[in-house]
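No hydrogens, no waters, no symmetry mates; every other heavy atom, side chains included, goes into these values.
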Amino acid sequence: MSVRVRYAPSPTGSPHVGNVRTAIYNWLFAKKEGGHFLVRLEDTDRSPERYVPEGIFDIENSLRFLGAIPDAWWITGGPDAPYVQSQRLPTYQEAAERLISEGKAYRCYCSKERLDTMRAEQQARGVPSGYDRHCRNTERAEALRQKRLAEEGKEPTSVVRLAMPLDGVTILHDVVRGDISYENKLQDDQVLLKSDGFPTYFLAAAVDDHASGITHIIRGDDWLSSAPKLVQVFVALGWEPPKFVHPPLIVGPDGKKLSKRHGATQFSWFMEQGYLPEALFNFLVLLGWSAGSENRELFSVPELVERFNLEGMTQHPAVFDYDKLKWMNGQYIRKSEPGRIIGMCLPYLRKAGLIPEAPAPDAKDEVKETYRKEVLDYARRVIPLEIERMKVLSEVTELVGFFFKDLSFPEGYDPKAVTKWMGMAHIKPLLTFEIEQFGALTEWTPETIEQVVRAAAEKLDVKFAEVIHPTRVAATGQTVGPGLFETLWALGKERTLKRLTSVLEKV
RNA sequence: GGGGAUAUCGUCUAGAGGUUAGGACGAGGGAUUUUCAGUCCUUAAACCGGGGUUCGAUUCCCCGUAUCCCUACCA
């Protein structure tokens with residue numbers, strides 16, 4: 001049978017990197033096995049604080065960004081549509097009714113207060129907490145219903161609970177962890193249908209997984225403990241449960257589930273920061289999966305598809321190492337076509353106000369032409385010089401800022417750089433010489449620029465470093481940056497002369 | 001409290017009944033010297049503890065310990 005897997009996010013906000021990794025694993029497995037990758041929305045929790053419809057866009061964007069495109073989801077529709085659980089309420093209600101009629105589930109009239117009191121007592125006594133199965137006894141349930149009916153003057157709300165087997169064990173066949181057994185008597189009578197008519201995850205997942213013919217449930221390890229309850233829902237409904245795959249959790253440096261406390265966890269944040277899709281893909285896959293004895297860590301997406309297997313799944317939690325992600329992103333930036341990186345950098349420059357917004361599509365041709373020549377060409381010349389220094393794209397604004405800002409000594413100059421290099425005795429003659437010689441250049445190339453700078457060192461009889469560094473500071477306002485000659489070349493003759501002159505006048 | 005899972009350098013991990021326990025990030029050192037970054041070379045750094053099984057266990061088994069996850073009308 002062909003593999004069918006699913007990613008079933010809840011719209012509780014922008015997806016967590018751990019969830020996105022789960023999506024990647026599902027997608028990879030489907031691709032590798034020539035199977036199907038479905039995505040469905042588990043939006044059955046309607047409480048306002050957890051239901052965040054805008055999160056749906058982030059779910060869509062993250063998958064598209066990574067290129068992990070579902071074979072079927074709410075965007076495409078398809079044979080298993082709808083892929084949105086809130087649109088399938090009658091289906092779940094039917095399933096619940098069927099279970100009740102077969103005696104595998106029952107209606108529970110216990111109020112929240114009763115449940116809370118019960119739990120509090122259990123905790124106080126130090127006994128295992130869980131539903132006491134009060135309403136599993138039909139007479140007691142009916143009595144409770146009557147009592148509440150009299151008190152409230154209307155039909156009381158109820159939920160549907162699964163009647164867990166009271167003995168025996170549930171064996172979970174987990175592909176990465178082997179068989180795990182759970183004692184049924186320790187499992188709770190899980191709520192299947194809530195009083196608002198929405199199903200809980202347990203009912204909805206079982207119904208949908210069965211309806212879609214899911215063969216493997218690949219999801220985070222945090223689901224492992226509750227897996228037997230899901231299995232029992234399948235059993236009660238008379239269906240064969242899928243195979244389970246529980247990759248390890250992604251945790252923070254303190255070993256706890258990765259959360260905001262540890263830093264950014266929302267996938268969208270990484271997209272905004274300028275992490276490349278292939279870097280995030282690569283990095284996330286390697287948190288919990290390994291290519292085995294192949295001693296490398298940089299894999300393209302096709303290479304990962306080729307290698308991916310469930311056997312390579314790791315079984316202990318992995319700490320999310322932001323530094324390593326940055327390193328990996330830097331690797332991919334340098335591997336990438338410069339043109340692509342430039343294009344991806346422009347929005348950051350616009351946002352930082354370093355370059356103006358692009359002219360509107362209906363602007364005059366001259367306007368567009370001017371923009372192209374004065375803004376884009378310059379950006380295209382300047383950004384490549386900093387590519388080898390970039391770890392994330394958003395750093396581009398800091399890196400190339402000095403190329404775009406209006407520098408006029410001493411405004412915009414790094415004070416430390418100035419005190420270190422602008423106080424030397426030979427600064428004035430140096431700048432005078434350079435301004436004169438640069439001005440005389442008919443060809444402005446890194447080579448001709450270098451000739452002038454070397455000539456300056458010779459003429460003034462100072463060390464090369466003693467002309468290089470002051471010149472850099474005078475032209476860029478800072479001590480760090482790309483090689484001086486290409487920097488000046490990219491800056492252009494006009495800007496260079498202007499800046500050097502502004503320094504000479506006031507130094 | 002109960003249940004489940006997990007345990008190799010600081011971190012991600014490879015590994016096999018006998019290895020100099022390998023690679024990567026990060027850290028230290030060096031080279032390139034025109035700064036920073038990059039690149040290259042290099043150093044330090046690990047098998048949780050105790051019992052077994054075995055000629056031999058870091059590897060297999062058991063116990064302990066530690067950590068995490070679950071224990072909702074959340075997913």
Side-chain angles (χ1 to χ4, degrees), chain A residues 8-12 19 42-47 49-51 108 110 112 115-116 119 122-131 157-161 172 174 177 180-183 186-188 190-196 198-202 204-205 219-229 246 248-249 251 253-257 283 286-298 314-328 330 334 386-391 399 417 421 450 453 464-465 467-469 471-473 476 478-485 487:
Chain A
S10 286
T12 53
N19 289 112
E42 304 221 325
D43 57 346
T44 56
D45 184 350
R46 311 309 277 187
S47 61
E49 59 284 8
R50 281 188 301 268
Y51 179 56
C108 167
C110 293
K112 183 176 187 306
L115 261 19
D116 288 345
R119 242 189 309 272
Q122 288 167 337
Q123 290 194 341
R125 286 170 45 215
V127 299
S129 59
Y131 181 54
T157 59
S158 64
V159 302
V160 176
R161 287 182 184 272
L172 184 78
D174 188 275
R177 291 156 209 279
I180 305 167
S181 76
Y182 302 79
E183 283 202 65
L186 267 15
Q187 305 301 320
D188 217 347
Q190 185 60 44
V191 171
L192 300 179
L193 205 60
K194 299 181 256 189
S195 54
D196 63 0
F198 279 77
T200 60
Y201 146 79
F202 292 93
R219 25 100 106 142
D221 177 66
D222 42 347
W223 295 93
L224 192 60
S225 312
S226 65
K229 292 198 279 194
H246 287 103
L249 247 30
V251 298
D254 59 355
K256 292 195 204 314
K257 238 203 240 194
F283 179 75
L286 260 27
L287 282 182
W289 179 84
S290 152
S293 48
E294 223 175 326
N295 267 344
R296 63 171 175 138
E297 47 289 315
L298 261 19
T314 254
Q315 33 207 322
H316 49 271
V319 176
F320 192 99
D321 186 346
Y322 292 85
D323 280 342
K324 191 162 185 174
L325 204 212
K326 273 199 167 185
W327 163 79
M328 193 174 276
R334 263 157 259 130
E386 296 285 10
I387 282 180
E388 55 190 31
R389 257 156 283 255
M390 268 180 224
K391 292 237 170 66
L399 258 14
W421 294 108
E450 176 165 5
V453 177
F464 191 47
V467 313
I468 281 274
H469 298 309
T471 305
R472 182 196 311 284
V473 173
T476 71
Q478 56 190 44
T479 56
V480 298
L484 180 64
F485 314 128
T487 299

Integer angstrom distance from the [atom1] of [N] to that of [M]:
N: B/C73; M: B/C68; atom1: C1'; value: 27 Å
N: B/U20; M: B/C70; atom1: P; value: 44 Å
N: B/C62; M: B/U71; atom1: P; value: 28 Å
N: B/C74; M: B/C12; atom1: C1'; value: 31 Å
N: B/A31; M: B/U67; atom1: C1'; value: 43 Å
N: B/U58; M: B/U19; atom1: C1'; value: 12 Å
N: B/A21; M: B/U43; atom1: P; value: 16 Å
N: B/A45; M: B/C9; atom1: C1'; value: 5 Å

Verify whether the ring centers belonging to A/F283 and A/F320 lie closer than 6.0 Å. yes
Could one point to a donor on the side chain of [X] or the base of [N] with an acceptor on the other under 3.5 Å away?
X: A/S293; N: B/G15; value: no
X: A/S225; N: B/C69; value: yes
X: A/R389; N: B/C36; value: yes

Quick check against the 3.5 Å criterion: does [X] have a side-chain atom that pairs as donor or acceptor with the backbone of [Y]?
X: A/T487; Y: A/P482; answer: yes
X: A/Q122; Y: A/G130; answer: yes
X: A/Q478; Y: A/V480; answer: yes
X: A/S10; Y: A/E42; answer: yes

Scan every strand shown for a Watson-Crick or G-U wobble partner of [N], both distances under 3.5 Å, and answer none if you come up empty.
N: B/G18; answer: B/C55
N: B/C36; answer: none
N: B/G10; answer: B/C25
N: B/C47; answer: none
N: B/U67; answer: B/A5

Taking the side chain of [X] as heavy atoms from C-beta outward, which of [options] is closest to it?
X: A/R119; options: B/C12, B/C73, B/C70; answer: B/C73
X: A/K257; options: B/C73, B/C69, B/U35; answer: B/C69
X: A/P128; options: B/G1, B/C73, B/A72; answer: B/G1
X: A/H469; options: B/C70, B/U35, B/G3; answer: B/U35

Using atom [atom1] of [X] as one end and atom [atom2] of [N] as the other, report the distance to the nearest whole Å.
X: A/R125; N: B/G1; atom1: CZ; atom2: P; answer: 16 Å
X: A/Q478; N: B/C36; atom1: CD; atom2: C1'; answer: 9 Å
X: A/F202; N: B/C73; atom1: CZ; atom2: P; answer: 10 Å
X: A/E386; N: B/G38; atom1: CD; atom2: P; answer: 13 Å
X: A/K256; N: B/U6; atom1: NZ; atom2: C1'; answer: 15 Å
X: A/R161; N: B/A72; atom1: CZ; atom2: P; answer: 10 Å
X: A/Q123; N: B/G1; atom1: CD; atom2: P; answer: 12 Å
X: A/I180; N: B/C69; atom1: CD1; atom2: C1'; answer: 12 Å

Salt-bridged, A/R46 to A/D43, with N to O below 4.0 Å? yes
Between A/K326 and A/D323, is there a side-chain N and carboxylate O pair less than 4.0 Å apart? no
Indicate the atoms forming the closest heavy-atom contact of A/A318 with A/L287, along with that distance. CB-CD2, 3.9 Å
Looking at every heavy atom in both A/T200 and A/K194, which two are closest together, and how far apart are they? CG2-CG, 3.7 Å
Going by side-chain hydrogen bond (donor to acceptor under 3.5 Å, both in side chains), name the residues that satisfy it together with A/S293, two or more places apart in sequence or in a different chain. none
What's [X] touching, base or sugar-phosphate or nothing? Going by heavy atoms closer than 4.0 Å.
X: A/R177; result: sugar-phosphate
X: A/G288; result: sugar-phosphate
X: A/P482; result: base
X: A/G255; result: sugar-phosphate
X: A/S290; result: sugar-phosphate
X: A/L249; result: sugar-phosphate
X: A/T44; result: sugar-phosphate
X: A/G130; result: nothing
X: A/T314; result: sugar-phosphate
X: A/S129; result: base
X: A/F198; result: nothing
X: A/V191; result: sugar-phosphate

Within-4.5 Å side-chain heavy-atom neighbours: A/R161 and A/Q190: no
Under 6.0 Å from the CZ atom of A/R125, do we count more than 12 heavy atoms belonging to anything else shown? no
I want to confirm an ordering. Mapping A/Y201 and A/L186 to their closest nucleotides on RNA chain B, which one lands closer to the 5' end? A/L186
Residue pair A/D188/A/V319 against RNA chain B: nearer the 5' end by closest nucleotide is A/V319
Under 4.0 Å between a side-chain N/O of [X] and OP1 or OP2 of [N], yes or no?
X: A/Q315; N: B/U6; answer: yes
X: A/H316; N: B/C12; answer: no
X: A/K194; N: B/A75; answer: yes

The contact string for nucleotides 19-27 of chain B, one letter per nucleotide 5' to 3', using protein heavy atoms under 4.0 Å with B, S and - for base, sugar-phosphate only and none, comes out as ---BSBB--
